[in-house]
Structures are given as C-alpha cells and as structure tokens.
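All remarks here apply to the structure that follows.
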Amino acid sequence: MARPTPLSGFPEWLPDGRVVEQHVLEALRRTFELHGFAGIETRAVEPLDQLLRKGETSKEVYVLRRLQADEGDATPDDRGEKQLGLHFDLTVPFARYVLENAGRLAFPFKRYQIQKVWRGERPQEGRFREFVQADIDVVGAGELPYHYEVELPLVMAEALGSLRAIGVPEVRILVNNRKVAEGFYRGLGLGDVEGVLRQVDKLDKIGPEAVAELLVAEQGATPEQAKACLELAAISGSDASVVEQVRALAASYDAVTDLLETGLAELRALVEAAARRAPGVVVADLKIARGLDYYTGSVYETVLVGHEQLGSICSGGRYDTLASDGKNTYPGVGLSIGVSRLVSRLLSAGLVTATRGVPTAVLVAVTDEETREASDAVAAALRARGVPADVAPTAAKFGKQIKYADRRGIPFVWFPGEPDQVKDIRSGDQVDADAATWAPPADDLWPRVVPAGE
RNA sequence: GUGGCUAUAGCUCAGUCGGUAGAGCGCCUGGUUGUGGUCCAGGAGGUCGCCGGUUCAAGCCCGGUUAGCCACCCCA
C-alpha cells in the first residue's frame, strides 16, 4: 500500500501531543464536575433536517451514506427514512436530547459534553474538519434565571485558568449582550440588526472607515447612523462604566430603548460579578457580534492573550429557545471550548510539553533471552506497586537498551543482577535497588505536562 | 465556495543555463568481549505527487489533475 498522505483538517497528534490533549481534557472535566455539571455523550449523527434547522447559515454538514446503497436504491427520503449527518456542534444534539428525555431530567439541567464534531470547512491553522469541543450548558424548563449567564463564563474562566499551570496563556473572555446591540440599532432606526453586526464584526480586519462604507452601502445606513454604530463598537472595559458609556452614547443619538435598558442591566450584572470573582478575565466588548443568529442575551468569545489571531477558543451565549416541542420551551445558556484549536496552538507554538510520550517509567533490561523471565518478574513487581514498567524488546547490548529508553523518554533503566541496579539515565546515577520496594520520584511516575522550557 | 503559493530521502530542505539526484538531522553497522548521549569511519534509503505534452534529453519548460499551506468566507 502506498504511503498515505495526511488528510488536512483531521488532526492526529503524536503520543506526546496526545498526553497534552488528555491532560487538558482531564482538567476541563474536573472543573465542570466541581461545578455540578453532569457528563453525557450523544450519538455522532442526527437527522439532517434537525442539523440544518438551527443556524441554517450554510452549515457544512457531512452526510452519512451507506456504501451498499447504490444508485438503484430509493433515496432515504423515498423510503421514509431520515437522512443522517454528523453533528457539527454539541448544542443541536443536546437540544434534541433534552426534548427526548425531558420527562426524566431535572431542571435546571447542567451538563457537560466533550466530543468530536465535524464541519466540512476549508481547513487552516486552528480550523479543523474534525475537532473536539468541550461544552457546558444549563437548560431550564420554561424559564432560566439570568444569573446563569453570569456563572457559565466564570466556570469556563476557571476551567481555562486551571491550565495556566501547564503553560497555557492567560485568557480574556469578551462579552456582549444581544439586547444591547439590538436595542441600540433599533433605537437608531436600523432594522437589519444581524446585517449591521456582520459588518461591524469586520472592524478588526478592515478598519472603521471601510466598515462605515459597508454600513452605508450594504445596510442602507446614513453616515450618521454608521458613525453611531462604530462608536458603540469602540466601547469596551471591565467595569460598570461601560454601561454608562453606552447609555450616554445612545442618549446622544436619542436611541435609548427598553430593550437597550434591559440589556444594559444584564451586562452590568455580568461585568460586576466577573470583576469580583475573576478580576481581569471578563471584558465587556460592544463589538462582539458573532453567532448572534440564535443568541438572545449574553454572548461570549474567548481569546488567548498573545494569540488573538487564532480566533476564539471558547464561545457561546444565551438562547431563549434552545429547544421546544411546541408546548414547552427550554431556554439555555452555554459555552464551548475548541479543545483541538487550543491544543494545536499549545503544541505548534511550543507552549507546553509532555515529559515523555510513553507511560513507561522504568525499562527493565534483559541480560540474555534465557533470563528474560527474571526481567519480566521485576516488571511485574513494579507494576503491582503502580509503577509503569516495560521490558526491553531484545537482549541487545546494554548501550542499545539504554538508547531504547532514551528515545522514548523513559527515565529509568533497571539492570537485573546480584543485586539489581537501577539507573537514572538523565543523571547517570546508578544504585542498588529492590523491585519490591524501589519507586521513582513522584514527578517521574507518570508523564506530566509542563510549560515548555521546564 | 473564491483567490494566491507549494509538492524532491523517514523529517527539514538545496538542486545553477533542461544533460537520468544532494546536504543536515534521523536510522543501521563498527571503533574488541554488556552502560546510551559527544566524536570518528562506513552503510541503507528517492518512479523527483500523479497523468499527459514540448525536446535528442525534463526534478527543472507547458497543460491537466490530486494533495498540502495561506488568505477570504465562516467559525471552536
């Protein structure tokens, strides 16, 4: 078979990268559980019509097809079967799960879900077609108290903060409130809120002049309305003063609306709570607009400080109708971490490293094949006491056996003998040892993830 | 989906004016009788992405194709 070429957008890490990824996943799971989120996993596929319903904005969905189903067969639709697609986020499957199990769940329901998702997009650095998301949501039956919109981003701040120890950069959670943007634009007399937001979102890329031109050309705004939009987008800060700035700006354009006031009250509550509980992490930024198609309240976007170009690594928001069966609606709020995007940057930028790519802490050397059993016995004794041990593959010269360990980052090589000896191949120290009692230093027992350079 | 760039050894890459391939790293062996990393000597390893064209001759020029990278779009 010819050598396979890598498939772009379907990332695969080497063993030491996987160590990093698993550490990240483990840390996130722990924080989520500390905050009372229950873990679930949903199937990889959903009916295609369900997948396309939500953010119908040209979601690239991978469709599932049976190889045996050739052209002669009726299409699934003809047979009354549902076309299936791989899910492209965890929110849509969760909404379906909530409806399906509403009678057996207790609301408000807090859940986390860490799974792969698939999107048929053009890959780039940090943009994948298959990637892992770590998602937390709270969903209520009929109602969902506002304070969850404050708490969820703080849980994420804590989760990402727990990764600082391994060298993950500081994060900044940028927040906005859809009611503020919508109330302001409507107050100005601009009806196409989403259209305006889409243009404003380009600010960082094309600059204020170009955005103003687009607002006039594409959204039919007057130059004055465009100017007001840019002024709103320019407001940011981490305390309640941003609320006053927005209100003053709106007043100056005579654009204060009830919706705006509602949104400002919510934004104020979020910013004030965040300033107390996670100082410096949450920043109100009135130009945050993305994903607003179904968000109805707070929206969040998270960047790694110093890696803003990577884009958001954790986004989400409040939606009044996460799910609805016609009779009952289930409002929710949630955020999702792009684990693959985060991990790929950690690895490619050399921010974190694994101390080794194999679990093995001790390689037991084999003197000759006749005495391999003695080496096996040593390994068994070590494993019985929780020390990951491997036995050399061949009774090669000891130099080669040491090299085998060195190549893999295994810190200790064990030499059976009278008495046994164990060598720390980093320092070269070699001492007598007994497999029934010897243990490596705690730091060497399992692979660890540490900031690069340590 | 749109645009630009790239494709040569396991990896990173050179390859001039068209004349049937090189380096570094890695890998294997040895430097004498069981202890790696440095050093020295030797060695293995390539249908130059694929298909076609021009030419006496193509890694090099032309067309196509596939894949990868980057930007846009959008997003985690």
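Below, chain A is the first sequence line, B the second, and so on; all start at residue 1.
- With B/U35, B/G68, B/A76 as the choices, the nucleotide that has an atom nearest any side-chain atom of A/F131 turns out to be B/A76.
- The aromatic rings of A/F415 and A/F398 sit tilted relative to each other, their planes meeting at an angle between 30° and 60°.
- Taking atom C1' on both B/C69 and B/G49, the two are 15 Å apart, rounded to the nearest angstrom.
- Nearest to the side-chain atoms of A/R122 among the listed nucleotides B/A76, B/C72, B/G68 stands B/C72.
- Evaluation of atom-type donor-acceptor distances gives no pair under 3.5 Å for the side chain of A/Q401 against the base of B/U35.
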Name the pairs: protein N/O against N/O of nucleotides 27-30 of chain B, kept only if under 3.5 Å.
residue	atom	partner	partner atom	Å
B/U29	OP1	A/K400	NZ	2.8

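- Going from atom CG of A/D135 over to atom C1' of B/A76 covers 10 Å, rounded to whole Å.
- A donor-acceptor pair under 3.5 Å is formed between the side chain of A/R129 and the backbone N or O of A/S8.
- With salt bridges taken as basic N to acidic carboxylate O contacts below 4.0 Å, one links A/K116 and A/E130.
- Heavy-atom nearest nucleotides on RNA chain B were determined for A/G9 and for A/G338, and the one closer to the 5' end corresponds to A/G9.
- B/U16 sits 26 Å from B/C11 when the C1' atoms are compared, rounded to a whole Å.
- Donor-acceptor pairing under 3.5 Å, judged by distance alone, is present between the side chain of A/R341 and the base of B/C75.
- For B/A76, the base is not stacked against the aromatic ring of A/F128, per a cut-off of 5.5 Å between centres and 30° between planes.
- The residues A/R30 and A/E26 are annotated as not salt-bridged, no charged nitrogen and carboxylate oxygen being separated by less than 4.0 angstrom.
- The aromatic rings of A/W414 and A/W438 stand perpendicular to each other, their planes meeting at an angle above 60°, with 30° marking the opposite boundary.
- A cation-pi contact, defined as under 6.0 Å to the ring centre and within 45° of the axis, links A/R426 to A/F412.
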Bracket string, RNA chain B, 5' to 3' - pairs by Watson-Crick or G-U geometry under 3.5 Å, | interstrand: (((((((..((((.....[..)))).(((((.......))))).....(((((..]....))))))))))))....

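- When the side-chain nitrogen and oxygen atoms of A/S312 are compared with OP1 and OP2 of B/C75, none of them lie within a distance under 4.0 Å.
- Rounded to whole angstrom, the span from the CZ atom of A/F10 across to the P atom of B/C69 amounts to 12 Å.
- For the C1' atom pair drawn from B/C27 and B/C60, the interatomic distance equals 30 Å after rounding to whole Å.
- When the P atom is used for both B/A21 and B/C13, the distance is 23 Å, rounded to whole Å.
- Rounded to a whole angstrom, the distance from the P atom of B/G68 to that of B/G24 is 32 Å.
- Under the rule for a ring pair (Phe, Tyr, Trp, His ring centres under 6.0 Å), the partners of A/F32 that lie at least two apart in sequence or sit in another chain are A/Y112.
- In this structure, A/R111 is positioned above the aromatic face of A/F94, its NZ or CZ under 6.0 Å from the six-membered ring centre and within 45° of the axis.
- Rounding to the nearest 0.5 Å gives a distance of 9.5 Å between CD of A/E373 and OG1 of A/T371.
- Straight-line distance from the OH atom of A/Y404 to the C1' atom of B/G36: 15 Å, rounded to whole Å.
- Annotation: A/R383, atom CZ; neighbour count of heavy atoms from other residues, nucleotides and ligands within 6.0 Å is above 12.
- Following rounding to the nearest Å, A/R129 (CZ) and B/A67 (P) show an atom-to-atom distance of 9 Å.
- Using a 4.0 Å heavy-atom cutoff across all strands shown, A/I313 reaches sugar-phosphate atoms only and no base atom.
- Residue A/Q124 places at least one side-chain N or O under 4.0 Å from the OP1 or OP2 atom of B/A71.
- At whole-Å resolution of the value, OH in A/Y295 and C1' in B/C75 are 10 Å apart.
- The separation of B/U8 from B/G15, taken at their C1' atoms, amounts to 9 Å, rounded to a whole angstrom.
- Rounded to whole angstrom, the span from the CD atom of A/E125 across to the C1' atom of B/A76 amounts to 14 Å.
- When the P atom is used for both B/A57 and B/G46, the distance is 27 Å, rounded to whole Å.
- B/A9 and B/A76 are spaced 37 Å apart, taking the C1' atom of each and rounding to whole Å.
- When the nucleotides B/G68, B/U35, B/C75 are ranked by their closest atom to the side chain of A/R119, B/C75 comes out on top.
- Listed nucleotides B/G68, B/G36, B/U35 differ in distance to A/F415; the shortest reach to its side chain belongs to B/U35.
- Nucleic acid contact class of A/A395 (heavy atoms, under 4.0 Å, all strands): base.
- Checking B/G36, B/G68, B/C75 against the side-chain heavy atoms of A/E121 singles out B/C75 as nearest.
- Heavy atoms of other residues, nucleotides or ligands lying less than 6.0 angstrom from CD of A/E369 number more than 12.
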